[in-house]
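First listed ligand is number 1; within each ligand, the first listed atom is number 1. Treat the numbers as computed from the prediction; the structure is a model and nothing was measured.
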Amino acid sequence: MYDVIVVGARCAGAASALLLARAGRRVLLLDRARFPSDTLSTLYIHQPGLARLDRWGLLGEVLATGAPLLTRLSLNFPGARLTGPAPALGAINGGCAPRRYALDRLLVEAAVRTGAEFRPRTTVVDLHWEDGKVTGVRHGTQRGSTTLARAHLVVGADGRNSTVARLADAPVVRQDPRGTRAYYSYWSGIPDHGLQMYTGQGMGAGCIPTQDGLTLVSVQVSRALPADDDRQRTYREMARRSSAELDRRLAEGKQEDRLYCCSDLPNFFRQPHGPGWALVGDAAHNKDPTPGRGITDAFIQAEMLAERLDIPLDDTQQVDAALAKYAQQLREEFTPAYESALVTARLDPAAYIRHLIDNQHDPAFTERFFRAFAGLN
Ligand SMILES: Cc1cc2nc3c(=O)[nH]c(=O)nc-3n(C[C@H](O)[C@H](O)[C@H](O)COP(=O)(O)OP(=O)(O)OC[C@H]3O[C@@H](n4cnc5c(N)ncnc54)[C@H](O)[C@@H]3O)c2cc1C
């Protein structure tokens with residue numbers, strides 16, 4: 001019998017397991033993936049995400065991966081460029097983009113060091129119910145049978161296509177149309193000028209320095225534009241159309257990896273709790289990745305959930321009340337960033353470009369813009 005079973009062991013799940021184990025809970029952490037392993041992501045963590053890693057004692061390990069602190073920001077639009085130092089949050093004066101195989105492994109290792117039990121390559125296939133309440137999960141074994149693990153609470157941190165949400169019948173309480181398709185790859189030979197983002201009409205791109213001297217170059221394309229089957233051509237062409245400067249940089253650099261593509265980028269909030277179960281991270285709430293907020297928000301949600309669960313977990317009434325408050329806080333705190341992501345994902349700078357052109361040389365305006373971009377208010 002565990003206190004909590006966490007399904008999914010990346011940003012939301014491993015962070016939740018770490019925090020719950022630190023609070024003295026008996027935690028089982030499961031993931032169907034092998035670790036360390038990569039997952040689709042353009043990697044960027046904003047200052048509030050790094051502040052959480054710092055608080056959890058992991059920022060040093062993250063920076064030791066070689067991913068640089070990105071202390072300069074350049075946000076480019078047709079006819080306007082906002083550039084300058086990244087805003088600071090305490091001592092953290094930039095964002096960072098570690099590879100996910102490194103970040104997620106660090107989080108899992110920290111959870112295990114704290115006492116969580118971790119089982120990789122373990123797929124949850126069913127929830128176990130007693131008297132209308134989830135009391136465990138059934139997961140596959142290597143021999144093809146299933147095993148039951150029981151807990152007071154099952155946390156689904158299993159991503160936007162969450163199995164726990166599906167099996168618990170978690171209602172979607174808000175949904176908006178998909179905005180973009182995403183493409184990215186890793187490049188050498190691109191000088192590190194910090195985080196650089198380019199927004200064109202219907203397309204956008206980003207240069208995100210990561211580990212090993214490589215730069216992740218991302219391209220987002222509005223779904224209003226027709227999809228081309230030749231994805232590599234789309235990637236390169238949309239980068240070219242996003243910015244002549246970016247196009248020149250790519251011509252001097254070298255694409256070192258295959259192209260990664262993702263068009264399954266839904267926007268929604270699910271009801272993140274029910275009797276004996278809760279959702280965290282993308283399972284609870286997913287938004288277009290153009291503003292790069294999912295990792296940071298997964299950390300914030302993991303902290304919110306762990307704080308709410310500082311109660312006796314065998315007291316069903318207290319747990320239900322705590323999860324209802326968690327749900328309310330999640331909806332209230334993340335709705336502004338969600339709505340802002342919907343606007344960003346329209347990739348329609350024509351709607352606000354005049355304002356940017358008029359204010360681009362005002363340092364106070366740039367700082368306010370950068371703070372909003374980083375989720376600092
Ligand atoms: C193309 C793209 C680019 C992005 N770029 C950024 C960015 O630059 N910055 C940013 O902050 N965010 C970005 N995001 C979003 C970010 O990657 C996610 O918000 C973040 O990974 C959410 O973490 P999570 O732990 O909730 O879910 P996930 O990272 O999806 O992890 C879920 C885990 O659950 C496991 N799992 C699923 N089902 C089961 C099951 N049945 N049994 C056991 N395990 C299971 C999976 O194997 C997986 O490891 C991007 C997303 C995409 C798609």
Side-chain angles (χ1 to χ4, degrees), residues 5-17 28-50 52 70 95-101 103-105 107-108 118-127 137-140 146 149 154-167 178 180-185 195 197 206 208 210 216 218-221 259-267 270 272 279-302 305 334 337-338 341 345 374-375:
I5 296 172
V6 181
V7 184
R10 294 192 185 273
C11 306
S16 298
L28 175 63
L29 177 62
L30 306 172
D31 200 302
R32 67 182 172 202
R34 64 181 170 75
F35 276 68
S37 59
D38 243 326
T39 187
L40 280 174
S41 179
T42 52
L43 314 177
Y44 188 71
I45 309 175
H46 290 278
Q47 290 85 328
L50 295 185
R52 263 69 187 182
L70 302 173
C96 189
R99 292 291 293 261
R100 289 294 299 268
Y101 65 76
L103 174 71
D104 297 348
R105 187 187 63 189
L107 289 164
V108 168
F118 175 50
R119 294 189 206 152
R121 303 179 76 167
T122 302
T123 302
V124 168
V125 293
D126 211 351
L127 296 176
V137 299
R138 284 207 158 271
H139 61 80
T146 63
V154 171
V155 172
D158 49 348
R160 57 192 184 280
N161 298 313
S162 166
T163 303
V164 173
R166 176 174 54 78
L167 293 170
R178 287 169 165 76
T180 66
R181 299 184 181 87
Y183 306 77
Y184 67 90
S185 190
L195 177 71
M197 306 289 286
I208 309 168
T210 180
L216 186 152
S218 68
V219 164
Q220 299 80 41
V221 182
L259 183 66
Y260 298 86
C261 307
C262 185
S263 59
D264 175 27
L265 301 172
N267 296 296
R270 288 192 176 108
L279 304 174
V280 67
D282 282 5
H285 154 58
N286 195 73
K287 54 189 169 285
D288 191 281
T290 305
R293 294 290 286 270
I295 301 169
T296 298
D297 289 355
F299 291 166
I300 296 172
Q301 288 171 29
L305 181 63
F334 290 96
Y338 175 85

> Of all the atoms in ligand 1, which lie at a distance below 4.0 Å from a heavy atom belonging to G281?
Replying inline: 26 (O)

> Which heavy atom of A284 sits nearest a heavy atom of Q301, and at what distance?
Replying inline: CB-OE1, 4.2 Å

>> For atom 33 (C) of ligand 1, what is the closest protein heavy atom, and at what distance to 0.1 Å?
In response: D31 OD2, 3.5 Å

> Taking the side chain as C-beta and beyond, is there a heavy-atom pair between M197 and L195 under 4.5 Å?
Replying inline: yes

> Would you say ligand 1 has an N or O under 3.5 Å from any N or O of G294?
Replying inline: yes

> Relative to ligand 1, is R100 under 4.0 angstrom through side chain, backbone, both or neither, heavy atoms considered?
Replying inline: side chain

> Rounded to the nearest 0.5 Å, how far does CZ of R160 lie from CG of L265?
Replying inline: 6.0 Å

> Do any nitrogen or oxygen atoms of T163 lie less than 3.5 angstrom from nitrogen or oxygen atoms of ligand 1?
Replying inline: yes

> Quick one: are the ring centres of F35 and Y101 less than 6.0 Å apart?
Replying inline: no

> What is the minimum heavy-atom distance between I295 and C11, and which atoms define it?
Replying inline: CG2-SG, 3.7 Å

> Do the side chains of T39 and S37 get nearer than 4.5 Å, heavy atoms only?
Replying inline: no

> Which of these passes side chain to side chain donor-acceptor pair (under 3.5 Å) with K287: D297, N267, D282?
Replying inline: D297

> Starting from atom 30 (O) of ligand 1, which protein heavy atom do you reach first, and at what distance in Å?
Replying inline: G159 CA, 3.6 Å

> Counting only N and O atoms by type, is there a donor-acceptor contact under 3.5 Å from the side chain of S41 to the main-chain atoms of L43?
Replying inline: yes

> Of the protein's non-hydrogen atoms, which lies at the shortest distance from atom 13 (C) of ligand 1, and what is that distance?
Replying inline: S41 OG, 4.0 Å

>> For ligand 1, which is the ligand I care about here, please tell me if Y184 has any N or O atom under 3.5 Å from one of the ligand's N or O atoms.
In response: no

>> I'd like to check which ligand 1 atoms, numbered from 1 as shown, lie under 4.0 Å from a non-hydrogen atom of V7.
In response: 42 (N), 43 (C)

>> Which heavy atom of H46 sits nearest to which heavy atom of G292, and what is that distance?
In response: CD2-O, 3.0 Å

> Between A157 and ligand 1, which part of the residue brings a heavy atom under 4.0 Å of the ligand: side chain, backbone, both or neither?
Replying inline: backbone

>> For atom 6 (C) of ligand 1, what is the closest protein heavy atom, and at what distance to 0.1 Å?
In response: T42 OG1, 3.4 Å

>> Can you tell me which portion of L43 lies within the under-4.0 Å heavy-atom range of ligand 1? Options are side chain, backbone, both, or neither.
In response: backbone

> If we only count heavy atoms from C-beta on, is the P36 to D104 side-chain gap below 4.5 Å?
Replying inline: no

>> Give me the nearest non-hydrogen protein atom to atom 44 (N) of ligand 1 as residue plus atom name, then the distance to 0.1 Å.
In response: R32 N, 3.1 Å

> Under 3.5 Å, N or O to N or O, is V124 touching ligand 1 that way?
Replying inline: yes

> What protein heavy atom sits nearest atom 14 (N) of ligand 1, and how far away is it?
Replying inline: P289 CB, 4.0 Å

>> I295 versus ligand 1: do any nitrogen or oxygen atoms come within less than 3.5 Å of each other?
In response: yes

> Between D282 and ligand 1, which part of the residue brings a heavy atom under 4.0 Å of the ligand: side chain, backbone, both or neither?
Replying inline: both

> Of the non-hydrogen atoms in V280 and S16, which two are nearest, and what is the gap between them?
Replying inline: CG1-OG, 3.8 Å

> Which of the atoms of ligand 1 are close to R10, meaning less than 4.0 Å from one of its heavy atoms?
Replying inline: 25 (O), 29 (O), 31 (O), 48 (C), 49 (O)

>> Which residue and atom name correspond to the protein heavy atom nearest atom 23 (O) of ligand 1, and how close is it?
In response: C11 CB, 3.9 Å

>> side chain to side chain contact (heavy atoms under 4.5 Å, CB included) for Y184 and V219? Distances and angles first, verdict last.
In response: CA-CA 6 Å; Y184 67 90; V219 164; over 6 Å; no

> Under 4.0 Å between a Lys/Arg side-chain N and an Asp/Glu carboxylate O for D158 and R32?
Replying inline: no

>> How far is atom 9 (N) of ligand 1 from the closest protein heavy atom, and which atom is that?
In response: Y44 O, 2.9 Å

> Can you tell me if R138 and T123 form a side-chain donor-acceptor pair at under 3.5 Å?
Replying inline: no

> Side chain, backbone, both or neither: which part of L265 has a heavy atom under 4.0 Å from ligand 1?
Replying inline: side chain

>> Please list, in number order, the atoms of ligand 1 under 4.0 Å from a heavy atom of R293.
In response: 10 (C), 11 (O)

>> I'd like to check which ligand 1 atoms, numbered from 1 as shown, lie under 4.0 Å from a non-hydrogen atom of G8.
In response: 33 (C), 34 (O), 35 (C)

> Which of the atoms of ligand 1 are close to T122, meaning less than 4.0 Å from one of its heavy atoms?
Replying inline: 42 (N), 43 (C)

